[in-house]
Amino acid sequence: MSQAIKTILITGGAKRIGRQMALTLHAAGHNIIVHYRSSAGPASELVASLNASRPDSAVALQGELLDTSAIPRLVAQAVNAFDGLDVLINNASTFYPTPIEILEEDFWNDLVGSNLKAPAFMVKACAKHLRKNNGCIINIVDIHARRPMANHPIYCSAKAGLEMLTKSLARDLAPDIRVNAVSPGAIMWPENDTGMAAQDDVLKQIPMGRMGKPEDVAKLAQFLIDDADYITGQVIAVDGGRSVMI
């Protein structure tokens, strides 16, 4: 268990990598706030499981992050849950292809909104609370922020913007708040994955020869929270070496 119990808000924390971060960070002794948009069932089940192992250590909060006017209320609820806030993990994301020929404004607003705009406004709402506790921010980006994925120009551009937001905020919020990003590679296949042939093509690009696990991302997040007091402004890949190949 870590030396100090921290309160950690994870956006999109009910499923997939967000869920694993909640499990790993809770096991390290921290209090967890699981934000969700529409995954009420998985969020409730996760929080119930966490509280069963350690009572009154986790809560679930619903919020539509594309509505920036709702973000201050969400953050106020998070702060009130455990009387403060130490860590913000901007994990919530939307992901789907947008070939330029089919681009619509709704796609732009959704992908840029969830992957870049919402994290910025979450930081705005959380900063004064994090500053009190010398807190930290972790943004979940993507290796394709630096090497574009075919037919995903808006998603990749939004994640590239989140990388720069990470570096800019690390400069602007220091020395009170550390800001870093984790850049996953092939950790989990997308829910709308295209099939085995595409998966095989991806695996051929990974020097380690295999996919990673959500735990790999979660353990890095725990390190950045608990053991990295002098690390800020960094974008760290968790990709089995894929980023050196593409």
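Hydrogens, waters and symmetry mates are skipped; everything else that's a heavy atom, side chains included, is used.
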With the 4.5 Å side-chain cut-off for hydrophobic clustering, are Tyr36 and Ile17 part of the same group? no
Compute the ring centroids of Tyr155 and His144, then answer whether they are less than 6.0 Å apart. no
Would you be so kind as to tabulate the donor-acceptor pairs closer than 3.5 Å made by side chains of residues 70-84, with sequence neighbours excluded?
residue	atom	partner	partner atom	Å
Asn80	ND2	Ala76	O	3.2

In terms of heavy-atom contacts, Ala145 and Ala160 come closest through O-CB, 3.4 Å
Side chain Asn115, main chain Leu111, donor-acceptor under 3.5 Å: yes
Verify, without hydrogens or angle tests, whether Asn151 (side chain) and Thr98 (backbone) share a donor-acceptor contact under 3.5 angstrom. no
Closest heavy-atom contact between His35 and Gly12? ND1-N, 3.0 Å
Rounding to 0.5 Å, atoms CG (Leu50) and CG (Leu25) come to a distance of 10.5 Å
Quick one: CG on Asn133 to CD1 on Ile177, what's the gap to the nearest 0.5 Å? 9.5 Å
List the steps and the verdict of side-chain contact (heavy atoms from CB on, under 4.5 Å) for Ile8 and Leu88. CA-CA 6 Å; Ile8 302 172; Leu88 167 65; over 6 Å; no
Ser57/Asn31 under side-chain hydrogen bond (donor to acceptor under 3.5 Å, both in side chains): CA gap, chis, key distance, verdict: CA-CA 5 Å; Ser57 60; Asn31 295 326; 5.1 Å; no
Separation between CZ of Arg178 and CD1 of Ile225, rounded to the nearest 0.5 Å: 8.5 Å
Could you tell me whether Asp176 and Arg131 have a side-chain N and a carboxylate O separated by less than 4.0 Å? yes
When rounded to the nearest 0.5 Å, the distance separating CZ of Phe121 from CG of Leu65 is 12.0 Å
Short question: side chain of His26, backbone of Thr24 - any donor-acceptor pair under 3.5 Å? no
Checking Thr166 against Asn139 for the side-chain hydrogen bond (donor to acceptor under 3.5 Å, both in side chains) test, could you report, in this order, the C-alpha distance in whole Å, the side-chain angles of both residues, the deciding distance, and whether it holds? CA-CA 7 Å; Thr166 299; Asn139 294 321; 2.9 Å; yes
Give the ring-plane orientation class for His152 versus Phe95, where under 30° counts as parallel, over 60° as perpendicular and anything between as tilted. parallel
For Ser93 and Lys159, what are the C-alpha separation, side-chain angles and deciding distance, and is it a side-chain contact (heavy atoms from CB on, under 4.5 Å)? CA-CA 10 Å; Ser93 171; Lys159 287 297 191 183; 3.9 Å; yes
Would you say Leu66 and Ile10 are hydrophobically clustered, going by side-chain heavy atoms of ILVMFWY under 4.5 Å? no
Is there a donor-acceptor pair closer than 3.5 Å between any side-chain N or O of Asp67 and the backbone N or O of Ser69? yes
Taken to the nearest 0.5 Å, the spacing of Ser157 OG from Leu116 CG works out to 10.0 Å
Any donor-acceptor pair under 3.5 Å from Asn180 side chain to Ile231 backbone: yes
Please report the closest heavy-atom contact between His30 and Arg54, naming both atoms and the distance. O-NH2, 2.9 Å
What's the spacing between Leu173 CG and Cys126 SG if we round to 0.5 Å? 11.0 Å
For atom CG of Asp56, is the number of surrounding heavy atoms from other residues, nucleotides or ligands below 6.0 Å larger than 12? no
Please tabulate, for side-chain N and O atoms in residues 233-240, each donor-acceptor pair with protein atoms closer than 3.5 Å (sequence neighbours left out).
residue	atom	partner	partner atom	Å
Gln234	NE2	Thr232	O	3.2
Asp239	OD1	Gly241	N	2.9
Asp239	OD2	Ser243	N	2.8
Asp239	OD2	Ser243	OG	2.7

What pair of heavy atoms forms the shortest contact from Gln222 to Ala28, and how long is it? NE2-CB, 3.5 Å
Atom of Ala22, atom of Val34 and distance for their closest heavy-atom approach: CB-CG2, 4.4 Å
Would the distance check show the side chain of Thr94 and the main-chain N or O of Ser114 forming a donor-acceptor pair, the cut-off being under 3.5 Å? no
Determine all donor-acceptor pairs shorter than 3.5 Å in which one atom belongs to a side chain in residues 37-46; sequence neighbours excluded.
residue	atom	partner	partner atom	Å
Ser44	OG	Ala40	O	3.0

Given Ile140 and Ile89, is the side-chain contact (heavy atoms from CB on, under 4.5 Å) satisfied, shown in steps? CA-CA 7 Å; Ile140 305 300; Ile89 302 180; 4.2 Å; yes
Looking only at heavy atoms, what is the nearest atom pair of Leu85 and Thr7, with distance? CD1-O, 3.8 Å
Take Leu220 and Val217 through the side-chain contact (heavy atoms from CB on, under 4.5 Å) test and state the conclusion after the steps. CA-CA 5 Å; Leu220 176 56; Val217 176; 5.9 Å; no
Using atom types as modelled and distance alone, determine if a side-chain donor or acceptor of Asp226 lies under 3.5 Å from a backbone N or O of Phe223. no
Do Met164 and Ile154 sit in the same hydrophobic cluster, where Ile, Leu, Val, Met, Phe, Trp and Tyr count as joined when their side-chain heavy atoms come under 4.5 Å apart? no
